[in-house]
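Below: the structure, in structure tokens.
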Amino acid sequence: MPELTVEQDPATVGVDAARLARADAVLDGYVDAGRLPGYVLVVARRGSVVHVGAGGRRNVEEGLPATPDTLWRIYSMTKPVTSVAAMMLYEAGGLDLNDPVSRYLPAFADMRVFTGGTDLRPATVPATEPVRVWHLLTHTAGLTYGFARMHPVDAMLRAQGYEWGAPPDTDLAAAVDTWASLPLLFEPGTRWNYSYCTDVLGRLVEVVSGQSLDTFFAERILRPLGMNETAFYAGSPEHPDGAGGTGGLDRLARLYLATGAGMAPGDSLGRAVHAPPTMLSGGGGLVSTAHDYHRFTQFLLRRGELDGVRLLGPRTVDYMARNHLPGGADLDAFGTPVFSESPMRGIGFGLGFAVVEDPAAQKNLSTKGEFNWGGAASTAFWVDPAEELTVVLMTQLLPSSTLPLRPQLRRAVYSSLVD
């Protein structure tokens, strides 16, 4: 099993170790207060790891420590992996960003748009614009999530069994057909709404490639990048499955849910990754380690190549990391109300992740051109090409809005850069 260790004296790459230690102090404070179970934090600059922090427990009740080899549910940090898969097919000529999704997934033909009414009696009109591949990559298709609880279509999804998972025995193809049968929230391309877009993209990858999503990931992305501890479930160590399981159930962190008193185990939801899933979620299904996701961020920082393995051309990664929202809008102006808050000002969205357009508008330390995303259980990453900086946070507290971990970590990390 590969080790995750400090590779370079921080001072040699312009990082003040004492100042960077404040990042661990922030996290340790939440651990000590009983508000965060445990964490692993990895900071790298100019291609070398300069900091590995770990604290707290991966399982509080059993007293098991969070360690660099702990497995975590990364939820929406799966989305950039799926986006890379789609762009690999784009480079190879398998699809075009302007293609109607119905060319590959017929259920997306003749979509309708919600105009009023309720979840039980919706009023709809025919969509005038087809859902296109780039709409899926940018969350501008008009789809939604059942857990969002912001719109009647969210309630329609919950009624079909889609909130934090899928109905039993439902595979990805069947789920996509169900989502396509419901009305869109808006005309494709006219707004941004966080949604099942990337799950649909995962199904598109399956259809275009002729491979299941777990097999495509394993053979085309994860194994080539040395991400051998990343998969759609954490199977038994005695029965690992190289295509879909890590064989690391004993190292899997327990999932915790925020409560008024602190946090409590969320085992009913957390057990979803104990065994092979029926629905392969390209939007949120992977488990991974800090080591593996660090390698993925290095692949992105190096513009599509790592250790001599190239999966994407440099200009493709650059293109993904540009703001693709129409007119150069930010998420505050173009997003739906749940995301129209000050942290989203100055933030655009590219092909698979958020992109910092205006650090001043964000009111937090960052760099123009940084791209990032996070997961529902408070995991996060960012890649800063200008500073040659990558950061990965692994933890396991749901929802991610519980604690201000991401802005506080940005402040600590960026204020430690002293060159």
Side-chain angles (χ1 to χ4, degrees), residues 74-92 94-99 101 131-141 143 145 188-189 192-206 208-209 213 216-217 220-222 225 227 230 280-286 288 292-293 295-306 311-326 330-331 334-335 339 344 347-357 369-376 379-385 390-392:
I74 63 171
Y75 288 114
S76 287
M77 279 166 54
T78 306
K79 288 179 169 70
V81 180
T82 306
S83 301
V84 165
M87 295 305 289
M88 290 170 67
L89 296 174
Y90 162 78
E91 282 192 335
L95 56 85
D96 189 88
L97 297 181
N98 276 319
D99 283 346
V101 173
V131 175
R132 301 183 187 276
V133 174
W134 77 266
H135 295 143
L136 298 180
L137 283 156
T138 58
H139 292 280
T140 58
L143 300 174
Y145 271 128
W192 186 93
N193 188 65
Y194 202 42
S195 69
Y196 281 118
C197 275
T198 317
D199 289 275
V200 177
L201 190 68
R203 177 58 184 156
L204 190 152
V205 168
E206 291 189 325
V208 173
S209 70
L213 195 60
F216 187 99
F217 278 6
R220 304 281 298 275
I221 298 175
L222 302 176
L225 294 182
M227 297 173 63
T230 302
L280 298 171
S281 172
L286 290 178
S288 189
D292 277 18
Y293 216 88
R295 288 189 64 81
F296 186 68
T297 62
Q298 290 300 297
F299 155 77
L300 293 172
L301 181 67
R302 293 170 60 93
R303 303 168 71 208
E305 178 272 335
L306 184 65
L311 304 184
L312 289 173
R315 288 156 188 81
T316 302
V317 177
D318 295 347
Y319 187 67
M320 295 174 70
R322 294 174 183 162
N323 183 15
H324 284 254
L325 299 183
D330 65 9
L331 291 175
F334 203 71
F339 281 99
M344 308 312 286
I347 305 297
F349 206 85
L351 302 181
F353 19 67
V355 181
V356 176
E357 288 288 287
E370 173 213 303
F371 53 101
N372 62 79
W373 205 241
T379 60
F381 83 94
W382 76 85
V383 176
D384 186 334
T390 64
V391 178
V392 175

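Throughout, residue positions are numbered sequentially from 1 according to the sequence presented.
Under the 30°/60° scheme for interplanar angles, the aromatic rings of H139 and Y194 are found to be tilted. In this pair, F371 and F353 present their aromatic rings tilted. The plane angle is within the 30 to 60° band.
No donor-acceptor pair closer than 3.5 Å links the side chain of E357 to the backbone N or O of D330. A donor-acceptor pair is defined here as one N or O able to donate and one able to accept, closer than 3.5 Å; no such pair exists between the side chain of K79 and the backbone of G352. Judged by distance alone, with hydrogens and angles left aside, the side-chain atoms of Y145 form a donor-acceptor pair with the main-chain N or O of S195 at under 3.5 Å. Here the side chain of Y293 pairs a donor or acceptor atom with the backbone of M77 at under 3.5 angstrom. For the pair D384 (side chain) and E370 (backbone), a donor-acceptor distance under 3.5 Å is absent. Counting only distance, with no hydrogens or angles, the side chain of T82 and the backbone of G202 share no donor-acceptor pair below 3.5 Å. Counting only distance, with no hydrogens or angles, the side chain of S281 and the backbone of G284 share a donor-acceptor pair below 3.5 Å.
Using a 4.5 Å cut-off on side-chain heavy atoms (C-beta onward), F296 and L306 make no contact. Between L137 and M87, the closest side-chain pair of non-hydrogen atoms falls below 4.5 Å. Residues D318 and R303 have side chains in contact (heavy-atom distance under 4.5 Å, counting atoms from C-beta outward). In this structure, the side chains of T379 and Y75 stay at 4.5 Å or more apart for every pair of heavy atoms. Two residues are said to be in side-chain contact when any heavy atoms from C-beta on lie closer than 4.5 Å; M320 and V84 meet this criterion. In this structure, V356 and W382 have side chains that are not in contact, with every pair of non-hydrogen atoms separated by 4.5 Å or more.
Interatomic distance, L222 CG to R295 CZ, rounded to the nearest 0.5 Å: 11.5 Å. Expressed to the nearest 0.5 Å, how far CZ of F299 lies from CG of L311 amounts to 4.5 Å. To the nearest 0.5 Å, the span separating CG on N323 from CZ on F349 amounts to 10.0 Å. Atoms CD and CG, on E305 and L300 in that order, are 12.0 Å from each other to the nearest 0.5 Å.
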Q) Taking it one step at a time, do L286 and F217 satisfy side-chain contact (heavy atoms from CB on, under 4.5 Å)? A) CA-CA 10 Å; L286 290 178; F217 278 6; 4.1 Å; yes

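Between V133 and the options V208, L204, T138, a side chain to side chain contact (heavy atoms under 4.5 Å, CB included) holds for only L204.
Of all heavy-atom pairs between L143 and V200, the closest is CD1-CG2, 3.9 Å. The two residues A354 and I347 have their closest heavy-atom pair at CB-CG2, 3.8 Å. The shortest heavy-atom contact between V392 and T297 is CG2-CG2, 3.8 Å. Residue T316 comes nearest to L312 through the heavy atom pair CG2-CD2, 4.1 Å, listed as atom of the first residue, atom of the second, then distance. Closest approach of D292 to M227, counting heavy atoms only: OD2-C, 3.0 Å. Taking all atoms of both residues into account, the shortest heavy-atom contact from I74 to S288 is CG2-CB, 3.9 Å.
Shown here are the side-chain contact (heavy atoms from CB on, under 4.5 Å) partners of V205, two or more places apart in sequence or in another chain: A85, A86, L89, S209, L213, F216.
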